[in-house]
Amino acid sequence: MGDMEFETHFTVTNYNDYELESEFAGIKEYREKFADSTETDSYTIRDNKVYKDNGELLNDNSDFSVLNDSGGFPTMSHYYSTRDLKTYTFGTYSDVKFNLGALYMGPAGSHTSGTVSRNHSFFYSAKTAVDSFEDSVDDYVTNIDLL
């Protein structure tokens, strides 16, 4: 039996939604650097290699396709890594909405995300903050269940 070649196609959309504080909103450089934007890229995984749909080879092994480390509360603040644990993607909302009467807690405000190396100077601070947030959500859910 011959080798079968499989392809997986996927799209990644990165939304940047910034809300500048009034003291920074009047500064042109800040408005340009933190302008709202949407970027969408398409990718193909073929033979354990990741290609952008323009044909550019991004990764020549399967590290990109398998996640190893993750944390947080997925709908509000989270992170995940590549299999080699060298690159992490973080995503978070600026606020949390509570409705005790409906026993609801969910994301609110603006959303941002980014990908960094685990060697980044603020990597461990960010990871710890997301893990702490996850613990707080777990505590909230446990206490709501006790009502």
Side-chain angles (χ1 to χ4, degrees), residues 6-145:
F6 294 98
E7 287 188 357
T8 300
H9 302 278
F10 63 98
T11 301
V12 175
T13 302
N14 185 26
Y15 300 97
N16 293 308
D17 181 19
Y18 299 101
E19 186 174 324
L20 293 173
E21 296 292 326
S22 59
E23 62 203 67
F24 300 106
I27 301 171
K28 179 182 176 186
E29 290 80 7
Y30 280 97
R31 287 193 317 270
E32 290 173 355
K33 181 168 178 71
F34 298 104
D36 294 348
S37 65
T38 302
E39 298 173 18
T40 302
D41 291 304
S42 298
Y43 301 89
T44 299
I45 300 174
R46 181 175 49 253
D47 296 329
N48 290 329
K49 295 177 182 158
V50 180
Y51 300 88
K52 282 187 91 168
D53 276 355
N54 66 5
E56 175 187 0
L57 176 64
L58 297 179
N59 189 319
D60 62 1
N61 58 43
S62 61
D63 289 343
F64 186 79
S65 62
V66 180
L67 306 180
N68 236 14
D69 186 16
S70 62
F73 195 75
T75 59
M76 290 185 277
S77 189
H78 63 275
Y79 63 83
Y80 57 88
S81 75
T82 54
R83 186 173 71 185
D84 63 3
L85 301 176
K86 291 181 180 179
T87 304
Y88 280 71
T89 298
F90 289 83
T92 193
Y93 279 84
S94 64
D95 206 353
V96 177
K97 180 178 180 178
F98 293 94
N99 184 337
L100 192 55
L103 301 179
Y104 170 82
M105 179 176 64
S110 58
H111 177 267
T112 190
S113 63
T115 301
V116 297
S117 161
R118 83 179 289 135
N119 296 329
H120 190 280
S121 59
F122 291 111
F123 167 75
Y124 286 104
S125 295
K127 188 173 185 291
T128 300
V130 172
D131 288 338
S132 177
F133 177 74
E134 180 180 21
D135 292 342
S136 296
V137 169
D138 290 343
D139 290 346
Y140 173 80
V141 170
T142 299
N143 288 321
I144 291 297
D145 288 343

task = For the pair Arg118 (side chain) and Lys86 (backbone), establish whether a donor and an acceptor sit closer than 3.5 Å, ignoring hydrogens and angles.
result = no
task = Classify the ring geometry between Phe34 and Tyr30 as parallel (under 30°), tilted (30 to 60°) or perpendicular (over 60°).
result = parallel
Side-chain (Thr87) to main-chain (Thr82) donor-acceptor, under 3.5 angstrom = no
task = Supply the atom-to-atom distance Asp95 CG to Lys97 NZ, rounded to the nearest 0.5 angstrom.
result = 10.5 Å
key: Exceeds 12 heavy-atom contacts within 6.0 angstrom, atom CD of Glu19   = no
task = Look at the rings of Phe90 and Phe123 and say which category their plane angle falls in: under 30° parallel, 30 to 60° tilted, over 60° perpendicular.
result = perpendicular
inquiry  = If you compare all heavy atoms of Val96 against all heavy atoms of Met76, which two are closest, and at what distance to 0.1 Å?
reply    = CG1-SD, 3.9 Å
ask   = Has the side chain of Ser136 got a donor or acceptor atom that lies under 3.5 Å from a matching backbone atom of Ser132?
value = yes
ask   = What is the distance from atom CG of Asp138 to atom CZ of Phe133, rounded to the nearest 0.5 Å?
value = 10.0 Å
task = Measure the OG1-OH distance between Thr89 and Tyr80 for me, rounded to the nearest 0.5 Å.
result = 4.0 Å
ask   = Ion pair present between Glu32 and Lys28, side-chain N to carboxylate O less than 4.0 angstrom?
value = yes
message = Please find the pair of heavy atoms, one from Val130 and one from His78, that lie closest to each other, and give the distance.
response = CG1-CA, 3.8 Å
task = Measure the spacing between OH of Tyr15 and NE2 of His111 and express it to the nearest 0.5 Å.
result = 10.0 Å
ask   = Distance-only, no hydrogens or angles: does the Asp36 side chain make a donor-acceptor pair with backbone N or O of Tyr18 under 3.5 Å?
value = yes
key: Heavy-atom neighbours of Phe98 CZ exceed 12 at 6.0 Å   = yes
note = The reported gap from CG in Asn16 to OG in Ser113 (rounded to nearest 0.5 angstrom) is 6.0 Å
ask   = Atom CD in Glu134, atom OH in Tyr79: separation rounded to 0.5 Å?
value = 7.0 Å
message = Tell me the closest heavy-atom pair linking Tyr93 and Ala108, and the distance in Å.
response = CB-O, 3.5 Å
